[in-house]
Amino acid sequence: MGAKKLSKLSQAALLKQILKRCSSLGKKHGYDDINGLPFDVPKGHFPVYVGVNRTRYIVPISFLAHPEFQLLLRHAEEEFGFHPDMALTIPCEEVVFRSLTSMLR
């Protein structure tokens with residue numbers, strides 16, 4: 001039971017870190033000062049870059065609550081780490097990402 005609680009705590013910490021990073025992305029690039037995101041990112045969403053071509057997708061923050069999306073984030077952390085000045089990049093094929101996100105909507 002203790003390991004499960006620790007896992008949930010580490011997931012919560014990871015999600016907070018991602019949200020904090022996403023809200024600070026725009027500040028470094030001179031974007032919207034109110035929400036810290038580029039002007040084309042609606043409130044309640046954040047940008048991710050997917051695949052070898054780093055195609056940009058705008059996804060709802062609610063995706064962070066889905067275990068399948070969290071798995072993608074863990075893979076991203078393992079491969080790239082989370083750096084405050086780096087865009088969130090998901091290391092999977094675009095077709096897989098689109099398939100997963102279409103199921104989460």
Side-chain angles (χ1 to χ4, degrees):
M1 176 117 171
K4 189 173 184 177
K5 186 175 183 178
L6 179 61
S7 176
K8 285 188 177 192
L9 287 175
S10 61
Q11 285 180 358
L14 176 63
L15 294 177
K16 284 182 184 179
Q17 182 182 16
I18 291 167
L19 286 173
K20 186 176 180 182
R21 275 195 59 251
C22 290
S23 67
S24 67
L25 283 176
K27 292 177 185 172
K28 296 188 183 284
H29 297 82
Y31 297 148
D32 188 359
D33 288 335
I34 295 172
N35 65 21
L37 292 173
F39 288 114
D40 65 337
V41 177
K43 188 172 184 169
H45 293 73
F46 64 98
V48 295
Y49 297 85
V50 180
V52 293
N53 294 328
R54 292 182 37 94
T55 303
R56 185 174 185 247
Y57 291 89
I58 307 297
V59 297
I61 288 176
S62 63
F63 280 12
L64 295 174
H66 293 278
E68 297 86 359
F69 197 80
Q70 291 175 11
L71 182 62
L72 286 178
L73 295 176
R74 281 193 288 280
H75 287 291
E77 181 180 30
E78 290 170 4
E79 187 159 330
F80 304 114
F82 284 116
H83 305 283
D85 56 346
M86 190 172 122
L88 181 57
T89 303
I90 306 291
C92 74
E93 294 180 23
E94 286 183 61
V95 69
V96 173
F97 182 81
R98 285 193 307 266
S99 176
L100 172 69
T101 55
S102 70
M103 292 187 305
L104 298 178
R105 293 188 189 266

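Just the heavy atoms: all of them, side chains too, but no hydrogens, waters or symmetry mates, feed the values below.
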In Å, rounded to the nearest 0.5 Å, how long is the span from NZ of Lys43 to CD1 of Ile61?
9.5 Å
The criterion is side-chain hydrogen bond (donor to acceptor under 3.5 Å, both in side chains); which residues satisfy it with Thr55, sequence neighbours excluded?
Glu94
Go through the structure and list residues passing side-chain hydrogen bond (donor to acceptor under 3.5 Å, both in side chains) with Thr89, not counting sequence neighbours.
Arg54
Which atom of Pro91 lies closest to which atom of Phe80, heavy atoms considered:
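Closest approach of Pro91 to Phe80: CB-CE1, 3.7 Å.
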On a heavy-atom basis, which atom in Arg56 and which in Pro47 lie closest, and how many Å separate them?
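Minimum heavy-atom contact is NE-CB, 3.9 Å.
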Is any side-chain heavy atom of Leu73 closer than 4.5 Å to one of Leu88?
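With C-beta onward as the side chain, the pair touches.
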Is any side-chain heavy atom of Val59 closer than 4.5 Å to one of Leu104?
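A side-chain contact is absent here, since even the closest heavy-atom pair is not under 4.5 Å.
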Using side-chain contact (heavy atoms from CB on, under 4.5 Å) as the criterion, list what pairs up with Val95, not counting sequence neighbours.
Glu93, Arg98
According to side-chain contact (heavy atoms from CB on, under 4.5 Å), who are the partners of Leu71, at least two apart in sequence or on a separate chain?
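Arg74, His75.
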Assigning hydrophobic clusters by single linkage (Ile, Leu, Val, Met, Phe, Trp, Tyr; side-chain heavy-atom cutoff under 4.5 Å), is Met103 placed with Phe69?
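Shared cluster, yes.
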Donor-acceptor contact below 3.5 Å, side chain Gln70 vs main chain Leu64:
yes
Can Thr101 and Phe63 be said to form a side-chain contact (heavy atoms from CB on, under 4.5 Å), step by step?
CA-CA 8 Å; Thr101 55; Phe63 280 12; 3.5 Å; yes
Identify, with sequence neighbours excluded, every residue that meets ring pair (Phe, Tyr, Trp, His ring centres under 6.0 Å) alongside Tyr57.
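Only Phe97 meet the ring pair (Phe, Tyr, Trp, His ring centres under 6.0 Å) criterion with Tyr57.
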